[in-house]
Trainee: 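Quick one: the structure is below, and I'll ask about it shortly.
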Amino acid sequence: MNAIIVNANDMKKFTCKEMGGPCEEVHEGATAIDIAKQNFAHVMATTDKAHEPMREQMTKPGKGPSKEEWWAWFNREWDNKKDEA
């Protein structure tokens, strides 16, 4: 069985706004995918107009950066973000 050991000091926090959205909802995780999943769930759960452009980017091809482009950008952001101790 494979286990991933995460040090609590390796946690990072990103707001929805830092990820391209309109609000200050905070997502926290030990990996970029953890935070991306939280942000996706957050944006998809919203029904307001402010999140509508981001919802469309996530669900409609050609409405924003490709998944590959977004991941390249977010991984750079992740690498530059200081850990939250």
Side-chain angles (χ1 to χ4, degrees):
M1 177 180 201
N2 293 334
I4 297 174
I5 299 172
V6 176
N7 183 338
N9 292 334
D10 293 338
M11 301 293 275
K12 294 185 183 186
K13 294 180 184 178
F14 282 83
T15 64
C16 176
K17 187 174 279 186
E18 288 176 305
M19 297 178 75
C23 78
E24 297 298 329
E25 173 98 10
V26 176
H27 309 298
E28 182 176 354
T31 66
I33 191 74
D34 291 342
I35 292 176
K37 285 179 180 179
Q38 290 174 41
N39 190 56
F40 182 83
H42 161 70
V43 171
M44 291 300 127
T46 64
T47 57
D48 63 334
K49 290 285 187 190
H51 285 83
E52 189 172 342
M54 196 168 187
R55 281 193 303 276
E56 286 189 3
Q57 285 182 9
M58 292 177 163
T59 60
K60 296 181 181 175
K63 287 287 187 176
S66 69
K67 289 179 184 178
E68 293 80 12
E69 291 169 330
W70 187 87
W71 270 111
W73 168 80
F74 187 59
N75 281 316
R76 287 189 303 273
E77 295 297 306
W78 175 267
D79 289 342
N80 292 329
K81 185 84 160 181
K82 294 196 185 318
D83 293 347
E84 301 283 334

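Along the sequence shown, the residues carry numbers beginning at 1. Reckoned from all heavy atoms, side chains included, excluding hydrogens, waters and symmetry mates.
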Trainee: Kindly work out whether a path of hydrophobic side-chain contacts (I/L/V/M/F/W/Y, heavy atoms less than 4.5 Å apart) joins Ile33 to Met19.
Mentor: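 In one cluster with Ile33: Met19, yes.
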Trainee: Would you please test Thr15 and Cys23 for side-chain contact (heavy atoms from CB on, under 4.5 Å) and show each step?
Mentor: CA-CA 7 Å; Thr15 64; Cys23 78; over 6 Å; no
Trainee: To the closest 0.5 Å, what do you measure between CG (Asn39) and NZ (Lys37)?
Mentor: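 The NZ atom of Lys37 is 13.5 Å from CG of Asn39, to the nearest 0.5 Å.
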Trainee: Show me the pairs that pass ring pair (Phe, Tyr, Trp, His ring centres under 6.0 Å) and involve residues 12-34, at least two apart or across chains.
Mentor: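 For residues 12-34: Phe14-Phe74, His27-His42.
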Trainee: Roughly how far apart are Asp34 CG and Met11 CE, rounded to 0.5 Å?
Mentor: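 So the gap between those two atoms works out to 7.5 Å.
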Trainee: Within the side chain of Asn75, is there an N or O that forms a donor-acceptor pair under 3.5 Å with the backbone of Trp71?
Mentor: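 Yes, the answer is positive, given that a donor and an acceptor are paired below the 3.5 Å cut-off.
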Trainee: Minimum heavy-atom separation for Lys13 to Lys81, with atom names?
Mentor: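 Shortest heavy-atom contact: O-CE, 2.6 Å.
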Trainee: Could you check whether any side-chain N or O of Gln57 sits under 3.5 Å from a backbone N or O of Pro65, counting only pairs where one atom can act as donor and the other as acceptor?
Mentor: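 Side chain of Gln57 to backbone of Pro65, a donor-acceptor pair under 3.5 Å: no, none is there.
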Trainee: For Arg55 versus Asp48, what's the shortest heavy-atom pair and its separation?
Mentor: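 Scanning both residues, the minimum pair turns out to be NH2-O, 2.9 Å.
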Trainee: Testing the basics here: between Gly29 and Trp78, what is the closest heavy-atom pair and its distance to 0.1 Å?
Mentor: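 Residues Gly29 and Trp78, closest heavy atoms: O-CH2, 3.7 Å.
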Trainee: Are Met54 and Phe40 co-members of a hydrophobic cluster defined by side-chain heavy atoms under 4.5 Å apart?
Mentor: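 Yes, same cluster.
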Trainee: So how far is it from Lys12 NZ to Asp79 CG, rounded to the nearest 0.5 Å?
Mentor: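 Those atoms lie 6.0 Å apart.
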